[in-house]
Amino acid sequence: LATFFAVAAIYASIRWYRTGDARVFVAGALAWGLGIATHPIVALLFPALAVLLLARLRSVTVRAFALALIAFFFGIAWYAYLPARSAAVTAARLDPTRSLGVPPGRPFWDNDHPASRQGFVKEVVGTEFSAGGAFADMLSPQTYAARFPYYWLLLIMEITPVGVLLSFGGLYVLAKRDRLVAIALFFAWTFPTAFAFAYAIEADKQRYYLIGFSVLSALAAYGASAIVRALPSLHRGILAVMAAVTIGLLVMNHTIFEQRESRGAQAVITTAIKNTPRNALLI
């Protein structure tokens with residue numbers, strides 16, 4: 001969901017940059033706010049969005065800017081659910097771990113207890129996972145030396161060697177035709193990816209690469225279209241290659257779609273219930 005809102009914000013910013021449509025400008029601000037409310041990594045699109053905003057800032061009316069701010073804050077205002085729900089859980093005594101005599105804030109009923117100011121900041125900013133330290137590591141060359149080889153292999157697995165070539169070819173052609181859009185997309189790829197490199201504590205950091213993969217996929221499509229524009233005779237061939245890559249990826253990753261039918265956790269649940277006394281807390 002965070003990736004969806006991120007891509008929507010990127011799309012809207014480019015469309016507004018090229019058309020000046022105020023409605024798209026407001027929609028993009030809403031998408032960015034909702035994305036940040038879904039996961040803070042979407043906030044790292046700021047450099048990319050700022051490039052396009054500053055380029056056309058003089059064309060933005062006061063009304064459009066005000067509506068965009070309202071839309072943006074409406075999006076991130078959904079964070080208010082966290083303290084509201086935390087307070088409700090506490091008031092209704094829904095957190096069974098409190099019966100153990102521990103203070104509020106334990107997983108999973110009231111994680112970090114965001115009803116308190118300190119707990120809210122801890123939950124949203126990720127201070128308990130040293131998320132702030134990742135920004136310092138983003139400036140360290142050792143971070144990229146250690147993480148880039150694995151990322152490169154993962155990138156090839158995700159969008160195939162053909163997709164990688166088309167992505168960087170598309171970025172090159174776009175830079176020659178519209179430098180600011182190319183810079184914006186480059187930032188949209190690199191900043192979230194660099195944070196994933198530096199955020200070593202994350203066990204499933206591959207999901208942090210999704211925004212960057214989405215940007216590179218769009219650039220691959222642009223690269224393919226650039227080839228067709230330069231060599232119209234290759235139109236059908238390019239379509240065939242892109243279709244083959246798409247079908248190949250779907251076939252190779254068919255297990256993803258089968259996960260909803262998985263009953264692998266049922267054995268664990270059954271065993272836990274069988275060996276756990278009634279009314280116990282299993283942590």
Side-chain angles (χ1 to χ4, degrees), residues 1-6 8-9 29-46 70-137 192 195-211 256-283:
L1 187 60
T3 303
F4 168 79
F5 285 128
L30 174 62
W32 192 36
L34 290 171
I36 295 174
T38 307
H39 196 289
I41 194 173
V42 181
L44 294 176
L45 292 180
F46 174 77
I70 293 172
F72 173 74
F73 284 113
F74 173 81
I76 62 174
W78 286 97
Y79 271 120
Y81 171 80
L82 294 177
R85 177 61 181 169
S86 175
V89 167
T90 302
R93 300 180 181 275
L94 299 179
D95 182 358
T97 64
R98 296 297 303 279
S99 64
L100 300 176
V102 299
R106 294 281 299 175
F108 294 91
W109 294 268
D110 188 21
N111 193 58
D112 289 330
H113 190 54
S116 66
R117 179 181 177 277
Q118 182 181 3
F120 179 78
V121 173
K122 187 178 181 181
E123 175 71 16
V124 173
V125 181
T127 54
E128 60 185 319
F129 300 112
S130 303
F135 290 102
D137 290 338
F195 180 81
F197 280 14
Y199 196 34
I201 196 172
E202 172 60 46
D204 186 21
K205 67 171 56 183
Q206 293 180 1
R207 62 197 177 107
Y208 281 47
Y209 296 144
L210 287 175
I211 294 176
I256 293 176
F257 302 97
E258 296 172 357
Q259 289 182 19
R260 64 178 180 267
E261 306 297 336
S262 174
R263 296 293 180 266
Q266 190 58 53
V268 178
I269 296 170
T270 301
T271 302
I273 293 175
K274 180 180 178 181
N275 295 281
T276 304
R278 292 181 61 83
N279 300 320
L281 292 179
L282 185 63
I283 299 179

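Each residue takes its place number in the sequence, starting with 1.
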Exercise. side-chain contact (heavy atoms from CB on, under 4.5 Å) between F73 and I70: does it pass, once the steps are laid out?
Worked result: CA-CA 5 Å; F73 284 113; I70 293 172; over 6 Å; no
Can you give me every donor-acceptor pair (side chain of residues 256-263, partner residue at least two apart or in another chain, under 3.5 Å) with its distance?
unit_1: R260; atom_1: NH1; unit_2: F257; atom_2: O; d: 3.0
unit_1: S262; atom_1: OG; unit_2: G264; atom_2: N; d: 3.2
unit_1: R263; atom_1: NH1; unit_2: E261; atom_2: O; d: 3.4

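- Between G35 and V42, the closest heavy-atom pair is O-CG2, 3.4 Å.
- A donor-acceptor pair under 3.5 Å is absent between the side-chain atoms of Y209 and the main chain of F197, judged by distance alone.
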Exercise. Should N111 and E123 be marked as a side-chain contact (heavy atoms from CB on, under 4.5 Å) after you check the CA-CA gap, both sets of side-chain angles, and the distance that decides it?
Worked result: CA-CA 8 Å; N111 193 58; E123 175 71 16; 2.9 Å; yes
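- The CZ atom of F195 sits 6.5 Å away from atom CD1 of I41, with the distance rounded to the nearest 0.5 Å.
- A donor-acceptor pair under 3.5 Å is formed between the side chain of D95 and the backbone N or O of T97.
- Counting only heavy atoms from C-beta outward, the side chains of L30 and F74 approach each other to under 4.5 Å.
- By the side-chain contact (heavy atoms from CB on, under 4.5 Å) test, P104 is found to be paired with R98, D110, H113, residues two or more places apart in sequence or in another chain being considered.
- Atom CD1 of residue I211 and atom CG of residue L44 lie 7.5 Å apart, to the nearest 0.5 angstrom.
- Shortest non-hydrogen contact noted between T271 and A267 is OG1-O, 2.8 Å.
- Shown here for A37 and G75, the closest heavy-atom pair between the two residues is CB-O, 3.3 Å.
- You'll find the side chain of Y199 stays beyond 4.5 Å of the side chain of D137, heavy atoms only.
- Y208 meets the side chain to side chain donor-acceptor pair (under 3.5 Å) test with H39; sequence neighbours excluded.
- No donor-acceptor pair under 3.5 Å is formed between the side chain of T38 and the backbone N or O of A2.
- Atom CD1 of I273 and atom CD1 of I269 lie 7.0 Å apart (nearest 0.5 Å).
- If you look at F5 and W32, their ring centroids are not closer than 6.0 Å.
- Checking side-chain atoms of S86 against main-chain N and O of L82 turns up no donor-acceptor pair under 3.5 Å.
- Shown here for P192 and L45, the closest heavy-atom pair between the two residues is CG-CD2, 4.4 Å.
- Nearest heavy-atom pair, P83 versus P114, reported as atom, atom and distance to 0.1 Å: CB-O, 3.3 Å.
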